[in-house]
Amino acid sequence: MATPVILPRQGQSVETCIIGEWYKQVGDFVKTGDILFSYETDKASFEEEAKEDGELLAIFFEAGDEVPVLTNVAVLGTKGENVDEFRPGGDAAPAEEVASAAVEAAPVEETKEVILVEKPEGKVKISPRAKVMAEKIGVAYEQIQGSGPHGRVIAQDVEAAAQALPKLTPLAQEKAKTENLTPAKEATGLGGRVAAVDLINYNPVYGDDFEVKKLPNIRKLIAKAMHQSLQNSAQLTHHMSADARKIMALRKVYKKKLEAGEISQNITINDLVCFAVIKALKKFPQVNTHFIGDSMRWFKKVHLGLAVDTERGLMVPAVKNADDLSIEGLSSQLSSVAGAARKGNVDPELLKPEAASFTVSNLGNYGVEMFTPVINLPQTAILGVCTIVPRPKDLGDGVYGFVPMMGLSLTYDHQALDGGEATLFLKEIKEQIESLSI
């Protein structure tokens, strides 16, 4: 009996996923546990395994398509079985059928990839579904940088271009394609579309000495989040330095314990700083909050967010109930969520801004001496941890010496916290770092 393959939901906040690569093709016999396809959310990538044996009877979406979760993406069963009852409606028809309807008058050798136009710099490749979509909404697909296999323009690229590129009338599309013209800034066509008379020769100041690359989804989301954060909050940053001699000595102690086999977790300077931050948050619960317009959400537990630099972009996974953990437990949890974020298999629920009550962003390893971290709304504040540098300090009795000092940068939402509160909290972090003990 035919069975649909459903796109899983990865976390309650995930509404759509992008199909990555199909590892099986229509007609292949699949065994339980075989990987059918990969897919990704805005933050992580996954692979879907077959839940039963059977022939892959149909594939409804191609690589690069953005698909709502819990949608049928394929069908497994016995050869000859009808799959129509499982087919998503409208745009979800398989690429092969869209291709035959869209290019009926121009048969192609391969329906998954169609060469549409020859340009001076090479051939433009576009999927049939993307071509139909581009022509329907009037997007000049020749100007789109494809993100599909081998640079093919796919439906997702056309949707993104529709937000950024001007829409052309049918005549303007044809003229732009044949004469290699580009739209002017002013559009005179109906509905704001670019008419043929609006096309101009493309002659930028720098000639062809540049390349336009489409932003990946995660960069778009990061850009949007950062912009909204600065737009929707009154952010201010205070800077302070902490004497790092104590915390550096503790790091050496734990390193020796690890080498001696007394502990199994490699406890880092960042782990110790986060441990100190948690202690400070317990003394200043007004910072362990979310600001939500006309009210604030005060947390009884500390859910610590950690900014992690990954190949896909910045991610901020949360360690829930971090105040319940020992230094070894905290170190283990921080290492675990950071590793999962870098591998791309972190729980999406832990990446939601609401998952953490406070965030730490450590750029000390990069040699940054001072910076202004941006708050991960709706959180009230974020701590930036900077590199350790030697600075002069009064050692007592008029004696000065160079001491390793750690820079601390606290950005807070002035709508939620007063400057005095923020300063006292930052001072508490400094004191916790300087007096931390095993």
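Because the structure is a prediction, the values reported are computed rather than measured.
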(message) Could you check whether any side-chain N or O of S409 sits under 3.5 Å from a backbone N or O of M370, counting only pairs where one atom can act as donor and the other as acceptor?
(response) no
(request) Given side chain to side chain donor-acceptor pair (under 3.5 Å), test Q235 with T411 step by step and report yes or no. (result) CA-CA 6 Å; Q235 298 192 26; T411 297; 5.3 Å; no
(message) Closer than 3.5 angstrom, by distance alone: can the side chain of H303 be matched with the main-chain N or O of N321 as a donor-acceptor pair?
(response) yes
(message) Once rounded to the nearest 0.5 Å, what's the spacing between atom NZ of K24 and atom NZ of K31?
(response) 9.5 Å
(message) Heavy-atom count check: over 12 atoms from other residues, nucleotides or ligands less than 6.0 Å from E311 CD?
(response) no
(request) Calculate, to the nearest 0.5 Å, the distance between atoms OG1 and CG belonging to T387 and N365 respectively. (result) 7.5 Å
(request) Indicate yes or no for a side-chain donor-acceptor contact from N288 to the backbone of K301 under 3.5 Å, with no hydrogens or angles considered. (result) yes
(request) Flag yes if more than 12 heavy atoms outside K279 fall under 6.0 Å of its NZ atom; otherwise flag no. (result) no
(request) To the nearest 0.5 angstrom, please state how far the CG atom of D323 sits from the CZ atom of F299. (result) 12.0 Å
(request) Only one of F60, F46, Y23, W22 passes ring pair (Phe, Tyr, Trp, His ring centres under 6.0 Å) with F37; say which it is. (result) W22
(request) Could you tell me whether F358 and F284 have their ring centroids closer than 6.0 angstrom? (result) no
(message) So for atom NZ, which belongs to K256, do other residues, nucleotides or ligands contribute more than 12 heavy atoms lying within a distance under 6.0 Å?
(response) no
(message) So for atom CG, which belongs to D53, do other residues, nucleotides or ligands contribute more than 12 heavy atoms lying within a distance under 6.0 Å?
(response) yes
(request) Write down the atom of P8, the atom of C17, and the distance for their closest heavy-atom approach. (result) O-SG, 4.5 Å
(request) Go through the side-chain N and O atoms of S331 and D271 and say whether any donor and acceptor fall under 3.5 Å apart. (result) yes
